[in-house]
Amino acid sequence: GDINAVNQPSTIVTIEAGSDNLDPDSARFLNSAGQQVDQLMQLGLTSLGESLTYSVAADGSSVTAMAGATVVFVATIDAVAQPNGDLEATLQLDLQRPLDHLDSDKLNLPFVIIATDNDGTNTNAGVFQVEIDDGANPHLVNGAGVALDEAGIAGGGSVSGQGNLDVNVGSDQIVFVGFAAGSKQPDLTSGGEAIQYQLSGDGQTLTGYTTDPSDPVFVISLLNPPAPEADSNIAYNVELFQPLDQQDDNGGRLDPLSIPVTVRVVDSDNDGTHVDLDITVSDSGDPTAVIVDDLAVAEAPSKIDELLG
């Protein structure tokens, strides 16, 4: 999510001369009557949810966008004289904070540019666009998983374990990491009854239950928030209170049983992805073995009598 010189947007424009050569030092942003600020204000741009305000340097050399007291970008222009009297101007944007791409993955920022020739005559103003594309989306990567054994819940106890996942920031600030809605969670059963899900208000705790959330089958909680603007790691805890049915849709045995609970991440542009946690539960033991003693069988009655003594 870092903004650096490699991905700074820019564009090259040509300012055409009339009968006299243009002065490269005269290329500037036009705001004598608020033209430049008006063009940008019409876009209604925000950065991390804060509305932008704009100012133009007195000599027209730069345009600065602010979100509160924070600089979002500074636009500058550098012009080079051409043999035919035109100017080749590079419009550079020093983007220091992400812009919100709420309705589109592309933003076009208008800049009003003017120049003066060697006789002191101004060119007509031109509006040039700088395109800013939305960057990479955030994503989640499983770290250490959790493997539980139902043997630990014998006698009414519980068994728990901790895992973690990596949160990789894209080009925008992370605003949410939490569990997906219950309808997006795995189909599981316990004692033949379907698992239902209850999600906490902040999305950080998921409770799986059959009839009463206060009598859960399992509870999974995220233990720490992500860093908004840097890659980070989140720990989670899984606590199992009741056994799960370890069967597939056809009644076949599944041991260990995967519990692919879904966690999602969302950034300030409302871009998001999800990952299924690496959680497994092993049965507390194989079904009781049935032992059959050897049985001697004879067809002749006399032999049966002998066997029965």
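Basis for what follows: all heavy atoms, side chains included, without hydrogens, waters or symmetry-related copies. Please read all numbers here as calculations on a predicted model, not as lab measurements.
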For this session: Determine, step by step, whether S200 and D202 satisfy the side chain to side chain donor-acceptor pair (under 3.5 Å) criterion, reporting the C-alpha distance in whole Å, the side-chain angles of both residues, the deciding distance to 0.1 Å, and the verdict.
Result: CA-CA 5 Å; S200 63; D202 60 3; 2.7 Å; yes
So, [X] side chain and [Y] main chain: donor-acceptor pair closer than 3.5 Å or not?
X	Y	answer
D149	A151	yes
S26	T116	yes
Q246	V281	yes
D172	S268	no
E150	L244	yes
Q242	P216	yes
S190	P243	yes
D255	D283	yes
Q185	T262	yes
Q82	T14	no

Do [X] and [Y] share a hydrophobic cluster (ILVMFWY, side-chain heavy atoms under 4.5 Å, transitive)?
X	Y	value
V266	V141	no
V146	V159	yes
L40	M66	no
V71	V63	no
I234	V219	no

Locate the shortest heavy-atom distance separating [X] from [Y]; write the atom from each residue and the value.
X	Y	value
N21	G85	OD1-CA, 3.2 Å
A27	I15	CB-CD1, 4.3 Å
L93	A75	CD1-CB, 3.5 Å
D231	V169	OD1-N, 2.8 Å
P256	S282	CB-OG, 3.6 Å
L87	A115	CD1-CB, 3.9 Å

Please indicate whether [X] has more than 12 foreign heavy atoms, meaning atoms of other residues, nucleotides or ligands, lying under 6.0 Å from its [atom1].
X	atom1	result
N270	CG	no
D59	CG	yes
E16	CD	no
N108	CG	yes

Is any side-chain heavy atom of [Y] closer than 4.5 Å to one of [X]?
X	Y	answer
L140	D166	no
N224	L222	no
N142	L277	yes
Q96	V74	yes
V265	V175	no
I195	Y209	no
E88	D86	no
P186	Y197	yes

Exercise. Can T205 and I220 be said to form a side chain to side chain contact (heavy atoms under 4.5 Å, CB included), step by step?
Worked result: CA-CA 6 Å; T205 300; I220 308 174; over 6 Å; no
Nearest 0.5 Å, please: how far is [atom2] in [Y] from [atom1] in [X]?
X	Y	atom1	atom2	answer
D267	Q173	CG	CD	9.5 Å
L99	L52	CG	CG	6.0 Å
Q36	I113	CD	CD1	8.0 Å
N168	L165	CG	CG	9.5 Å
I153	L148	CD1	CG	9.5 Å
T76	L91	OG1	CG	7.5 Å

For this session: Hydrophobic side-chain clustering at under 4.5 Å (ILVMFWY, transitive links): who's grouped with I114? Put none if nobody.
Result: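 Members other than I114 - counting any ILVMFWY side chain reachable under 4.5 Å - are L30, V112, V127.
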Exercise. Would V56 and S62 count as a side chain to side chain contact (heavy atoms under 4.5 Å, CB included) if you check the C-alpha gap in whole Å, the side-chain angles of each, and the deciding distance to 0.1 Å?
Worked result: CA-CA 6 Å; V56 179; S62 64; over 6 Å; no
Problem set entry | R97/E229 ion pair, N-O < 4.0 Å |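 Not counted as a salt bridge, because no side-chain N and carboxylate O are separated by less than 4.0 Å.
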For this session: Assign the ring pair F111 / F73 to parallel, tilted or perpendicular, where the plane angle (0 to 90°) is split at 30° and 60°.
Result: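 Perpendicular: the ring planes of F111 and F73 meet at over 60°.
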Problem set entry | Partners passing side chain to side chain donor-acceptor pair (under 3.5 Å) against D25 (at least two apart in sequence or in another chain) |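 Side chain to side chain donor-acceptor pair (under 3.5 Å) list for D25, sorted by chain: empty.
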For this session: Please test V37 against N31 for side chain to side chain contact (heavy atoms under 4.5 Å, CB included), starting from the C-alpha separation and ending with a verdict.
Result: CA-CA 7 Å; V37 169; N31 198 54; 3.7 Å; yes
For this session: I would like to know whether N233 and N164 meet side chain to side chain donor-acceptor pair (under 3.5 Å); could you show each step before the answer?
Result: CA-CA 7 Å; N233 183 270; N164 63 75; 3.2 Å; yes
Exercise. Can T90 and D78 be said to form a side chain to side chain donor-acceptor pair (under 3.5 Å), step by step?
Worked result: CA-CA 5 Å; T90 299; D78 181 39; 5.7 Å; no
For this session: Under the side chain to side chain contact (heavy atoms under 4.5 Å, CB included) rule, what do V275 and R264 come out as? Steps first, then yes or no, please.
Result: CA-CA 6 Å; V275 71; R264 64 191 185 98; over 6 Å; no
